[in-house]
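The sequence lines fix the lettering, A, B, ..., with proteins before strands; numbering per chain opens at 1.
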2 protein chains.
Amino acid sequence: MSVDDAEALPERRRRRTDKRHTAGVKAVAAAAGVSLGTVSNVLNRPEVVSPLTRAKVEAAMAALGFVRNESARQLRAGSSRIIAYLMLDAGNPFFTDVAKGVEEAAQAAGLSVFLCNSNEDVDREADYLDLLEQQRVQGILITPIDQNSSRLRKLPSRGTPVVVVDRALDDTEHCSVAVNDVLGGELAISHLLELGHRLIAYVGGPNTIGQVLDRRDGARNALHKAERPATDLIELTTGALTVAEGRGAGQRLAGLPVDRRPTAAFCANDLLALGLLQQCVSLGLRVPEDLAIVGYDDIEYAEAAAVPLTSVRQPRQLLGRTAAELLLDESSNPDHEHQRVIFTPELVVRTSTRGTG
Amino acid sequence: MSVDDAEALPERRRRRTDKRHTAGVKAVAAAAGVSLGTVSNVLNRPEVVSPLTRAKVEAAMAALGFVRNESARQLRAGSSRIIAYLMLDAGNPFFTDVAKGVEEAAQAAGLSVFLCNSNEDVDREADYLDLLEQQRVQGILITPIDQNSSRLRKLPSRGTPVVVVDRALDDTEHCSVAVNDVLGGELAISHLLELGHRLIAYVGGPNTIGQVLDRRDGARNALHKAERPATDLIELTTGALTVAEGRGAGQRLAGLPVDRRPTAAFCANDLLALGLLQQCVSLGLRVPEDLAIVGYDDIEYAEAAAVPLTSVRQPRQLLGRTAAELLLDESSNPDHEHQRVIFTPELVVRTSTRGTG
DNA sequence: TCGGCGTGTTGAAACGTCTTAGCCGAGGAA
DNA sequence: TTCCTCGGCTAAGACGTTTCAACACGCCGA
């Protein structure tokens, strides 16, 4: 039995279980002729090691293709350099814009962002929360489906900071960042009233969504402030905030007798507004002459519609950025106090209410 | 010096460095009156531990709020239960749909997906690749900016499988999944030719993007096959694949003298097509009577446009699902062989070419 | 010559989990 | 009764990194 044979077996075994033959600090240290600690210093505090030694170590790392094992680092050091944003719906441009803001703030702080998509599924949200807690991420940003989830409540007390995005929580466990939707509704309706409209439709639903209700309340407020009767607001309830539902609402709207048909519509989001617009145009109504339309969110496609859409804009990136900054403060500042930030929306007027002038 | 004082100091020190007072396996074992190994067995092989012991351990875990430390698990076990999809642009609905397919396949295999957004930024792509490799994720799906990046090439040899999405690589290191863009271009132009159009515009750019070139080549092929002169294709080159550029192209198109103006346009993606549509309509052209339009990607908003858009649909979710499945095979099947899967696009005909009939 | 200092480097211990070999005791076969 | 088996559990390393007290060395001032 030769020496070769004696070594062949363990070698083969190593190969089978361990697909990654990545060199560790130990191998680098040996190759560079220094100790473990020195390699670690090169990695984490390069300034304390002499230029000569550092060069040797760096050469060894390059030669061996060394890749730091983050699991081990994190286990020992106790801290992760990652934050996560658990999104409600990655397909909705609103949330991807928020995510952009998050990334911006994280990058400035030297952290990385992992995006997770709960896709409006309660179970997936729960699974991701568990996973992220197990990963010991530095913190979690979330637009929750179920804000009262006990899982969500328990996270901060166990050491994972949580910031709630696009929902205002009345709770003392987390920070939250949101936009004033009631005010948004008021802006939209006030604008339409100023243009001389009397009968106005509110298109939105289902009424289980907080945002939908807030925007409707804002609409009612505006009417009230202008001393108009509440009956001037015709509510068309939809089953979801989608383009298809918008088309359905358009059908219903166009079918009303002319004397009872609103001359303007305020939609709870832009997708509804796009559907409404499309259906009304194809049924022969002119926008804005026969029907003025206001959307909500000001997504990119609102401007690209056949008739560019007047819409209530939310500061999406700012929302994400602020949320991330609150998270960073919470995880680094021992005197952190939870805050509830509420941003103000802004009306962007385009052709769908003002005409081509 | 009392006993209390003696213990106070280390206690305070622990608190300061270690914000998370999460109980570990050790604490659970103590609370349940069993050994470390038994707790680990409850976690990973519940069937080998007796029901009575298991119940005790589970009760202890619940009481202490035990959360497994995934870093430690991964360090010891050597494998992660996470795959990542490094997206080119999270704001583009095309990629979020691909991501949905990825999530679907991952969930079926019991894995979780982390989404990362390179945002078409080479540096961020590189940073994320490094990060993911350090995290020792089970594998990486990527729609790369720079397909020839050495970083990308080296990953598989170091043990992190990589699957390239929406790009066909001629390379032997990875699997790749893509869609036949040349064929897509042919479909679009053949459709327009069948409708009797002679002069056709191709709107797309910049010409550094592979997809843009492939679709153009497909368009030329179709013309060639129909024995039409190459000059029947008017190329309008844009600076990007955005709505704004589409509007610019519309302006240019509408400005052409009528006898030299194409009666149809094929756009390299839907955003361009939406911009083109909007501009042409607002300049008084009727769609499709004066100008027929075909887009590419069939994003949700294509159907929601003022004039629903004919578009070339790519099997987006299938793309993501297939890519994830290839990745899973590569990381679990020792006999894995790299593959290059190419899907076939499909033409979805709507009003923008066919009229309301 | 000596103590003291600062700069660079070392070695060993820890982080929390999984794994493996082995231990114990009960029950069955001889 | 003795021996063996087997299910259930324990104890003792790993895993790859960071940290920290200790150390070697050259230098200065006393």
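No side-chain donor-acceptor contact under 3.5 Å links B:Asn119 to the backbone of B:Asp121. Side chain of B:Thr160 to backbone of B:Gly139: no donor-acceptor contact under 3.5 angstrom is found. Panel note: side chain B:Gln138, backbone B:Arg81; no donor-acceptor pair is recorded below 3.5 Å. Formation of a donor-acceptor pair under 3.5 Å by the B:Arg73 side chain with backbone atoms of B:Ser79 is found in this model.
In this structure, A:Glu70 places its CD atom 15 Å from C1' of D:dC15, rounding to the nearest Å. Computed from coordinates, the A:Arg73 CZ to D:dT19 P distance equals 8 Å when rounded to whole Å. Put simply, CG on B:Leu52 is 18 Å from P on D:dG7, counting in whole angstrom units. As rounded to whole Å, 9 Å separates atom P of C:dC18 from atom CZ of B:Arg45. With rounding to whole Å, A:Arg81 atom CZ is found 18 Å from D:dT17 atom P. Atom NZ of A:Lys26 and atom P of D:dC15 are 6 Å apart (whole Å). As rounded to whole Å, 13 Å separates atom P of D:dT17 from atom CD of B:Gln74. Summarising the geometry, the separation between CG on A:Leu75 and C1' on D:dT18 is reported as 10 Å, rounded to the nearest angstrom.
Crowding of B:Lys100 atom NZ: a count of heavy atoms from other residues, nucleotides or ligands under 6.0 Å exceeding 12.
Within the 4.0 Å cut-off from OP1 or OP2 of D:dT18, at least one side-chain nitrogen or oxygen of A:Arg68 is found. Contact between the side-chain N/O atoms of B:Arg76 and the OP1/OP2 oxygens of C:dC15 is not found at any separation under 4.0 Å. In this model, the phosphate group of D:dT17 is not approached by any side-chain N or O of A:Asn69 to a distance below 4.0 Å at OP1 or OP2.
The structure places CG of B:Leu327 at 8.5 Å from CG of B:Leu111, a figure rounded to the nearest 0.5 Å. Atom CD of A:Glu337 sits about 12.5 Å away from atom CG of A:Leu326, to the nearest 0.5 Å.
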Shorter than 3.5 Å, N or O on both sides, protein versus nucleotides 21-28 of chain C: list them out with atom names.
none

Enumerate all atom pairs, one protein N or O and one N or O from nucleotides 8-10 of chain C, separated by less than 3.5 Å.
{"residue": "C:dT9", "atom": "OP1", "partner": "A:Ser50", "partner atom": "OG", "Å": "3.2"}
{"residue": "C:dT9", "atom": "OP1", "partner": "A:Thr53", "partner atom": "OG1", "Å": "2.2"}
{"residue": "C:dT9", "atom": "OP2", "partner": "A:Ser50", "partner atom": "N", "Å": "3.1"}
{"residue": "C:dT10", "atom": "OP2", "partner": "A:Ser35", "partner atom": "N", "Å": "2.9"}
{"residue": "C:dT10", "atom": "OP2", "partner": "A:Ser35", "partner atom": "OG", "Å": "3.2"}
{"residue": "C:dT10", "atom": "OP2", "partner": "A:Thr38", "partner atom": "OG1", "Å": "2.7"}

Residues A:Glu103, B:Arg124; criterion salt bridge (charged side-chain N to carboxylate O under 4.0 Å, His left out); working and verdict: CA-CA 11 Å; A:Glu103 284 164 352; B:Arg124 284 196 31 196; 3.0 Å; yes
- Walk me through it: do A:Glu173 and A:Arg153 pass the test salt bridge (charged side-chain N to carboxylate O under 4.0 Å, His left out)? CA-CA 7 Å; A:Glu173 312 274 350; A:Arg153 285 227 142 66; 5.1 Å; no
